[in-house]
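Everything on this sheet refers to the single structure shown next.
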Amino acid sequence: MTTAPHFTVADSAKDPDAEIWFAEPAGFTPLPLESLLVRPGSPAADELRTAFAPFLDAAPDKEIRRQFVAQLAAGQELLGALRELGTVHCSIGLHRDDMDDASDGKGHPLLSLFTLSWRDTAVAARAVTAARAVSAAEGHTHIGYAELPCGPGMFSETVRTPTVDIGLPRLPLLQIHAHLPHPDCRRLVVLTLSTTAAGRREQYRAILRQIAETVSFVSPLEHGTSEAG
């Protein structure tokens, strides 16, 4: 017996200005970029401080509060850099490693970061744009072409080590990419799934492929389906 997949429709899927729709598997929590990246002194900034006040009040001492504020500021800086690069969606993935041989049988938690970013491109056929996106960049491996429901796409992988100045742990970071050209042939969307759990490369490839297969550049809600955006 095959069970039909279940989708929860996010409010953003009904946004009249939305340009892309997709679905994320269980285990991903979207980060509210607009709420976290607010202008200092604005009403939104006051709301953000109010939202975090219970966490600060629960801290056992000033040093813990200072560390929390510093980590929040570092996270905002990272998200701000991503947005400057065209990122419009960001989610944190938390999954249990059910392939782990840990003695307790529960497996260890695995963290990942999923981002969706827009890039402008020279006008060209969509398949050509997808190929150029990978060939013009350095360090991409495991390159593969695919015909997806939304059109042609190119998958690739990179492994990078964060530089000291950005404050992230200097662990090799596996990044799996899907380059999906828009039907207007002037831009493409890049899906990227990043994780330090390089040993689970096959599983993360499958996750990104699953997300890419749900991408639509036309609202699926208008056709009676239930993809989340």
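The figures here come from the full heavy-atom set of this structure, side chains too, leaving out hydrogens, waters and symmetry mates.
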* Does H179 have its ring centroid less than 6.0 Å away from the ring centroid of F155? -> no

Return yes if a side-chain donor-acceptor contact under 3.5 Å exists between [X] and [Y], otherwise no.
X    : Y    : value
H89  : S91  : yes
T87  : S117 : yes
E202 : Y204 : no
R126 : H182 : no
H140 : T158 : no
S194 : Q175 : yes

* Would you find more than 12 non-hydrogen atoms of other residues, nucleotides or ligands less than 6.0 Å from R119 atom CZ? -> no

* To do: With the side chain counted from C-beta on, respond yes when P109 and L94 share a heavy-atom pair under 4.5 Å apart, and no when they do not.
  => yes

* Mind checking whether R205 and E157 have side chains closer than 4.5 Å, heavy atoms only? -> yes

With clusters defined by side-chain heavy atoms of hydrophobic residues (ILVMFWY) lying less than 4.5 Å apart, directly or transitively, does [Y] cluster with [X]?
X    : Y    : result
M154 : L191 : no
V190 : L116 : no
V128 : V134 : no
V189 : I207 : yes
L188 : V215 : no

What are the two closest heavy atoms between [X] and [Y], and how far apart are they?
X    : Y    : result
P172 : V159 : CB-CG1, 4.1 Å
G93  : F28  : CA-CD2, 3.5 Å
F217 : P181 : CE1-O, 3.4 Å
P152 : A127 : CG-N, 3.8 Å
T115 : C90  : CG2-SG, 4.0 Å
E213 : P149 : O-CG, 3.4 Å

* Asked: When R209 is tested against each of L193, I176, L148 for side-chain contact (heavy atoms from CB on, under 4.5 Å), which residue passes?
  -> L148

* Kindly indicate, with the supporting measurements, whether the criterion side chain to side chain contact (heavy atoms under 4.5 Å, CB included) is fulfilled by L113 and T195. => CA-CA 7 Å; L113 180 70; T195 180; over 6 Å; no

* Before giving the answer on side chain to side chain donor-acceptor pair (under 3.5 Å), spell out for H108 and R96 the whole-Å C-alpha distance, their side-chain angles and the decisive distance to 0.1 Å. => CA-CA 6 Å; H108 298 296; R96 182 68 63 181; 6.0 Å; no

Could you give the distance from [atom1] ([X]) to [atom2] ([Y]), rounded to the nearest 0.5 Å?
X    : Y    : atom1 : atom2 : answer
L110 : Q203 : CG    : CD    : 9.0 Å
F114 : I211 : CZ    : CD1   : 4.5 Å
C150 : W21  : SG    : CH2   : 12.5 Å
L85  : T192 : CG    : OG1   : 10.5 Å
T121 : R132 : OG1   : CZ    : 8.5 Å

* Asked: What do the steps show when you test H142 against R201 for side chain to side chain contact (heavy atoms under 4.5 Å, CB included), and what is the final call?
  -> CA-CA 11 Å; H142 297 86; R201 184 187 303 262; 4.2 Å; yes

* Is there a donor-acceptor pair under 3.5 Å between the side chain of S156 and the backbone N or O of I143? -> no

* Structure fact -> Here the salt bridge (charged side-chain N to carboxylate O under 4.0 Å, His left out) pairs for residues 182-198, sequence neighbours left out, are E19-R187, D184-R187

